[in-house]
**Student:** 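I have a structure here, written as structure tokens, and I will follow up with some questions on it.
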Amino acid sequence: MKLKKSPLAPEKFPILPSIRGVNIGTSVSNSKYKSRQDILTITFDKPASVAGVFTLSQMPAAPVVFCKKNIVNGYANALIVNAGIANSFTGKKGTENNRIIANYFSKLINSRQKDVYICSTGVIGEQIPVSKIKKAVKHSLYGRNKNFKNAAKAIMTTDTFPKGSGKTITIDNEDISIVGIAKGSGMIAPNMATMLAFIFTDALIEPKLLQTLLNLGVRDSFNSISVDNDTSTNDTVLAFATGQRMSGKNTKPISRIGDKRLVKFRKALDYVMKDLAIQIVKDGEGATKLVQVNVRNATSISSAKKVAKSIANSPLIKTAIAGSDPNWGRIIMAIGKTKEKFSHDKLIIKIGNNVVIKNGELAKRYSERKTQKYMNNKKIIIDVDLGIGAGFSSFWTCDLTEEYVRINTDYRS
């Protein structure tokens with residue numbers, strides 16, 4: 001069944017820079033989808049630094065367990081992704097199937113098995129057809145259309161559009177690129193990564209530092225989005241650094257957080273991760289509206305985020321947004337149930353530019369007509385000032401049927 005493209009989708013897939021040392025392959029396995037590219041393989045010319053962040057679900061899929069074990073080595077020679085079958089809750093057989101595929105591919109590319117990473121996405125509980133997958137991953141090494149757009153398409157399940165983002169910066173007089181692709185539409189909640197995302201760069205960065213950068217970036221991007229408040233069993237974000245643009249004899253790898261070369265890199269990496277996170281929520285199943293919830297002047301960033309999350313994930317507020325109903329009482333409810341501290345006398349709530357609550361009571365110039373008109377927009381901003389501190393958080397979420405919201409967290413003193 002062909003899914004209707006999300007009305008919030010970008011007009012087109014972005015033009016992405018190439019990443020030196022990265023080889024892309026896609027193929028058709030016919031394991032779940034018929035005659036559709038559903039296998040992605042990535043191989044590296046030389047071992048790449050790798051970092052990963054994984055689901056916090058107590059029901060992790062076999063590929064997640066496999067990758068978490070391999071990630072301690074810090075390097076990668078290849079990545080395999082299959083779409084359609086998650087290989088989750090598949091018992092010992094699923095674990096063995098994962099190992100068989102990794103072992104098979106490692107021999108094809110002359111690699112150690114512990115330097116091969118596997119990710120799966122799709123239906124939970126089904127066993128992957130090993131013979132079909134093996135045949136497809138081998139074919140992917142020789143296929144055509146080796147670009148990031150086709151890579152992004154190959155990992156889609158219920159997504160309605162492929163997701164990609166990229167940036168190029170200059171470090172040590174070399175053009176360094178960062179490219180990311182992702183998939184995600186349903187089962188999206190802020191509890192690590194909430195989908196699959198793969199980030200590639202040709203910068204020379206040591207594994208431990210790359211892991212630190214990924215942890216920091218995930219916090220304010222993938223860990224700050226929600227579609228349906230459900231956390232997947234397969235959530236994985238992997239970052240790979242080939243170092244192939246900084247391979248000169250006198251070039252030192254970036255190995256510490258205080259390295260001045262890291263300033264531009266971090267900014268570009270954060271941009272790519274946040275852009276991918278936004279695209280994922282824009283593709284929320286049935287999404288038609290974007291809602292950003294800003295919470296200011298809380299006692300802490302943690303408190304601000306709890307309040308923002310409560311507002312953004314409230315089913316009652318979602319239904320009000322879906323119906324373009326400025327029911328501000330539901331926002332009051334969502335704030336109160338968090339038990340976080342705020343000033344009743346200084347509380348301010350705005351919907352767009354419309355002041356609803358000021359100094360703890362209905363604003364004298366509040367206009368329900370203007371507010372309701374504003375809520376017909378595709379993008380809606382709810383701004384809450386708790387009146388007691390310096391915390392700031394913006395939180396976006398999306399429900400399965402009507403509206404879309406994304407989360408982004410920040411702290412400003």
Side-chain angles (χ1 to χ4, degrees), residues 189-191 216 218-221 223-226 229 270 274 277-278 281 289-399 403-413:
N191 199 4
L216 293 172
V218 161
R219 180 188 62 190
D220 294 337
S221 58
N223 230 14
S224 290
I225 61 174
S226 178
N229 207 27
D270 289 346
K274 288 181 180 180
I278 292 170
V281 190
K289 289 186 179 181
L290 160 66
V291 183
Q292 178 179 351
V293 182
N294 299 324
V295 175
R296 308 174 189 274
N297 290 324
T299 55
S300 66
I301 184 60
S302 176
S303 178
K305 188 170 184 178
K306 284 181 182 178
V307 172
K309 183 177 180 180
S310 178
I311 294 170
N313 277 338
S314 166
L316 287 177
I317 292 176
K318 288 185 177 186
T319 54
I321 291 168
S324 300
D325 178 13
N327 194 331
W328 55 267
R330 295 181 179 184
I331 300 175
I332 295 292
M333 171 277 299
I335 297 171
K337 74 177 183 178
T338 65
K339 299 181 182 179
E340 295 298 314
K341 293 181 180 180
F342 68 95
S343 171
H344 286 264
D345 296 332
K346 297 181 180 180
L347 180 67
I348 299 174
I349 297 175
K350 292 169 62 178
I351 300 178
N353 292 323
N354 303 285
V355 179
V356 179
I357 299 297
K358 186 173 183 179
N359 298 328
E361 61 182 7
L362 188 65
K364 293 180 180 179
R365 295 187 178 182
Y366 169 66
S367 170
E368 185 166 338
R369 180 184 62 81
K370 289 182 179 180
T371 307
Q372 187 170 33
K373 183 179 180 180
Y374 168 78
M375 291 190 70
N376 285 320
N377 295 334
K378 284 187 177 181
K379 181 177 180 179
I380 297 165
I381 298 176
I382 298 174
D383 195 281
V384 176
D385 190 325
L386 298 179
I388 55 173
F392 173 87
S393 175
S394 70
F395 194 109
W396 315 30
T397 188
C398 166
D399 105 342
E403 67 273 4
Y404 155 73
V405 188
R406 173 209 161 219
I407 321 167
N408 178 33
T409 57
D410 192 8
Y411 184 77
R412 301 173 186 174
S413 57

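Quantities reported herein were computed from a predicted structural model and do not represent experimental measurements.
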**Student:** Would you name the heavy atoms of Met375 and Ala320 that are closest together and state the gap between them?
**Tutor:** CE-O, 4.2 Å
**Student:** Keeping the roles fixed (side chain from Ser310, backbone from Ala334), state whether a donor-acceptor pair exists under 3.5 Å.
**Tutor:** yes
**Student:** If only atom types and distance count, is the side chain of Thr338 paired as donor or acceptor with the main-chain N or O of Ile335 below 3.5 Å?
**Tutor:** yes
**Student:** Can you see which heavy atom on Gly387 is nearest to which on Ser343, and at what distance?
**Tutor:** O-CB, 3.9 Å
**Student:** Is there a side-chain contact (heavy atoms from CB on, under 4.5 Å) between Val293 and Lys309? Walk through the geometry before answering.
**Tutor:** CA-CA 8 Å; Val293 182; Lys309 183 177 180 180; over 6 Å; no
**Student:** Please enumerate all residues that pass side chain to side chain donor-acceptor pair (under 3.5 Å) together with Ser324, with sequence neighbours excluded.
**Tutor:** Lys289, Asn376
**Student:** Show me the donor-acceptor pairs, under 3.5 Å and distance only, between side chains in residues 344-359 and residues at least two apart or in other chains.
**Tutor:**
| residue | atom | partner | partner atom | Å |
| --- | --- | --- | --- | --- |
| Asn354 | ND2 | Ile351 | O | 3.1 |

**Student:** To the nearest 0.5 Å, what is the distance between CD1 on Ile321 and CG on Leu316?
**Tutor:** 11.0 Å
**Student:** Walk me through it: do Arg296 and Asp383 pass the test side-chain contact (heavy atoms from CB on, under 4.5 Å)?
**Tutor:** CA-CA 8 Å; Arg296 308 174 189 274; Asp383 195 281; 3.0 Å; yes
**Student:** Would you list the atom pairs, donor with acceptor, under 3.5 Å between side chains in residues 360-370 and any protein atom, with sequence neighbours excluded?
**Tutor:**
| residue | atom | partner | partner atom | Å |
| --- | --- | --- | --- | --- |
| Ser367 | OG | Lys370 | N | 3.2 |

**Student:** Any salt bridge (Lys or Arg N to Asp or Glu O under 4.0 Å) pairs touching residues 329-343, not counting sequence neighbours?
**Tutor:** Lys306-Glu340
**Student:** Measuring only between side-chain heavy atoms, which start at C-beta, is Ile382 closer than 4.5 Å to Trp328?
**Tutor:** no
**Student:** Could you go step by step and tell me if Asn327 and Thr319 meet the side-chain contact (heavy atoms from CB on, under 4.5 Å) rule?
**Tutor:** CA-CA 10 Å; Asn327 194 331; Thr319 54; over 6 Å; no
**Student:** Asp385: which residues meet the side chain to side chain donor-acceptor pair (under 3.5 Å) condition with it, sequence neighbours left out?
**Tutor:** Asn297
**Student:** From Leu216 CG over to Asp270 CG, what is the distance, rounded to the nearest 0.5 angstrom?
**Tutor:** 8.0 Å
**Student:** Looking at every heavy atom in both Pro326 and Thr371, which two are closest together, and how far apart are they?
**Tutor:** CB-CG2, 3.4 Å
**Student:** Can you run down the ring-ring contact (aromatic ring centres under 6.0 Å, His included) pairs that involve residues 289-314, sequence neighbours left out, and say none if there aren't any?
**Tutor:** none
